[in-house]
Amino acid sequence: MPKLTYHGHSCFELGCERNKVIIDPFLRDNPHTSLDPGEVSVTAILVSHGHGDHLGDTIEIAKHNNCLVVSNYEICGWLEAQGIQVHPMHIGGAFNFKWGRVKLVPAIHGSGLPDGSYGGLAAGFLIEMGGKNVYFAGDTALHSDMALYGRLNPIDLALLPIGDNFTMGIDDAVEAAVMCGASEVVPIHYDTFPVIQVDPGEFAHRAGKRGVKVRVMEFGETISV
Ligand code: NI
Ligand code: MN
């Protein structure tokens, strides 16, 4: 059974047996974690898009773990030029890694890199690990493809942004939660910055009224998927 640890914002570690991946490793500038990038031990890093609050400490973690970064083609090219090992993918494509299967799915958002380089298209991830399906939506607006993901492969856990301003807010995230049909939903991408301060309890309450089971994770909490 995979274990999932939430480090606040959109940063998660997801692991099963000997393998663990970190998603959007925004640590040093993340007010909700004291985890030092130098202490992160992972098999791979997944980066959903080029913005600094998602790319985060990818380069430092990749270098000291000597591990693979999985992202879109453009971000991988930018990282490879800095000596990082990469596995480029793109929207709609899936690949079976030794630790699990990853499919890049659309996220409606930008993806510029911190130095202004072109970062391709923002993505979400459908991750299959240890017999469980996790949908990490990334930074995104509500879009109706979310209904297809759950129809094609039942989703055990969906990680959905609720913070508004840059992504879906609570209204749209409730719709997303209903559409993707996940067994359980964890709200993400809120309270990190003043403009994305929202109440995850309100999301839980409103999604609950629509029949969705919501789990508001504490920062630093680990759960079984
Ligand atoms: Ni973003
Ligand atoms: Mn973001």
Side-chain angles (χ1 to χ4, degrees), residues 7-15 19-30 33 35-129 134-141 143 145-146 148-149 159-161 166-168 188-189 192-193:
H7 297 299
H9 205 53
S10 295
C11 180
F12 289 90
E13 286 178 284
L14 179 66
N19 294 304
K20 188 163 69 173
V21 301
I22 191 165
I23 305 168
D24 286 358
F26 173 60
L27 298 174
R28 275 203 206 287
D29 296 329
N30 177 347
T33 185
L35 180 64
D36 188 313
E39 290 165 11
V40 173
S41 173
V42 288
T43 311
I45 304 169
L46 274 58
V47 178
S48 66
H49 65 289
H51 294 164
D53 58 320
H54 297 263
L55 182 73
D57 305 291
T58 293
I59 291 172
E60 181 178 348
I61 297 167
K63 281 188 174 162
H64 82 75
N65 282 276
N66 197 24
C67 73
L68 203 63
V69 178
V70 178
S71 191
N72 72 32
Y73 179 82
E74 291 82 4
I75 291 172
C76 283
W78 184 82
L79 290 168
E80 196 172 31
Q82 299 177 67
I84 305 298
Q85 297 177 62
V86 295
H87 182 103
M89 299 181 66
H90 232 301
I91 312 292
F95 188 80
N96 290 313
F97 296 91
K98 65 176 197 256
W99 39 267
R101 180 176 173 85
V102 176
K103 184 175 185 179
L104 260 64
V105 292
I108 301 182
H109 195 69
S111 183
L113 285 153
D115 64 358
S117 296
Y118 177 62
L121 293 173
F125 300 116
L126 287 168
I127 305 167
E128 202 181 308
M129 188 189 274
V134 176
Y135 170 42
F136 173 86
D139 279 7
T140 186
H143 59 82
D145 283 9
M146 291 173 181
L148 286 175
Y149 307 154
L159 311 173
L160 303 178
F166 297 117
T167 67
M168 296 189 281
I188 69 173
H189 210 273
T192 323
F193 319 116

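- Using a distance-only test at 3.5 Å, with no hydrogens or angles considered, a donor-acceptor pair links the side chain of Ser111 to the main chain of Gly50.
- Checking side-chain atoms of Glu74 against main-chain N and O of Leu121 turns up no donor-acceptor pair under 3.5 Å.
- None of Leu55, Ile84, Val86 except one satisfies the side-chain contact (heavy atoms from CB on, under 4.5 Å) rule with Trp78; the exception is Leu55.
- Residues Ala122 and Gly110 share a closest heavy-atom pair of CB-O, 3.3 Å.
- Among all heavy-atom pairs drawn from Gly124 and Ala107, the shortest one is N-CB, 4.0 Å.
- Of the inter-residue distances, the one linking His54 atom NE2 with His109 atom NE2 reads 5.5 Å to the nearest 0.5 angstrom.
- Closest approach of Gly119 to Ile75, counting heavy atoms only: O-CG1, 3.6 Å.
- Judged purely by atom type and a 3.5 angstrom limit, Ser71 uses its side chain to pair as donor or acceptor with the backbone of Val47.
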Name each donor-acceptor pair under 3.5 Å that joins a side chain in residues 96-105 to protein atoms two or more places apart or in another chain, with its distance.
residue : atom : partner : partner atom : Å
Asn96   : OD1  : Arg101  : NH1          : 3.2

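- Partner of His49 under the side chain to side chain donor-acceptor pair (under 3.5 Å) criterion, out of Asp139, Asn72, Asp24, Thr140: Asp139 alone.
- The two residues Ala137 and Pro161 make their nearest non-hydrogen contact at CB-CD, 3.8 Å.
- Here the side chains of Val134 and Met129 are not in contact, with every heavy-atom distance at 4.5 Å or above.
- A pairwise comparison of heavy atoms in His189 and Ser10 identifies CD2-OG, 3.3 Å as the closest pair.
- Closest of all the heavy-atom pairs between Glu60 and Gly38 is OE2-N, 3.9 Å.
- Between His143 and Tyr149, the angle of the ring planes goes over 60°, which puts this pair in the perpendicular group of the 30/60° scheme.
- Using a 4.5 Å heavy-atom threshold, the side chains of Asp53 and Phe193 count as touching.
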Exercise for review: Quick one: do Ile127 and Val21 satisfy side-chain contact (heavy atoms from CB on, under 4.5 Å)? Show the steps, please.
Suggested key: CA-CA 11 Å; Ile127 305 167; Val21 301; 5.6 Å; no
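- A donor-acceptor pair is defined here as one N or O able to donate and one able to accept, closer than 3.5 Å; no such pair exists between the side chain of Thr167 and the backbone of Ala141.
- Note that CG of Leu160 and CD1 of Ile188 are 7.0 Å apart. Values are rounded to the nearest 0.5 Å.
- His9 pairs in a side chain to side chain donor-acceptor pair (under 3.5 Å) with only one of the listed residues (Asn30, Thr33, Thr192, Asp29), which is Thr192.
- Applying the side chain to side chain contact (heavy atoms under 4.5 Å, CB included) rule to Ile61 yields the partners Pro25, Leu27, Pro37, Val40, Val42, Ile45, Asp57, Asn65; only residues at least two apart in sequence or on another chain are considered.
- Atom CZ of Phe95 and atom CE of Met89 lie 8.0 Å apart (nearest 0.5 Å).
- Within the model, atoms SG of Cys76 and NE2 of His87 stand 8.0 Å from one another, a figure rounded to the nearest 0.5 Å.
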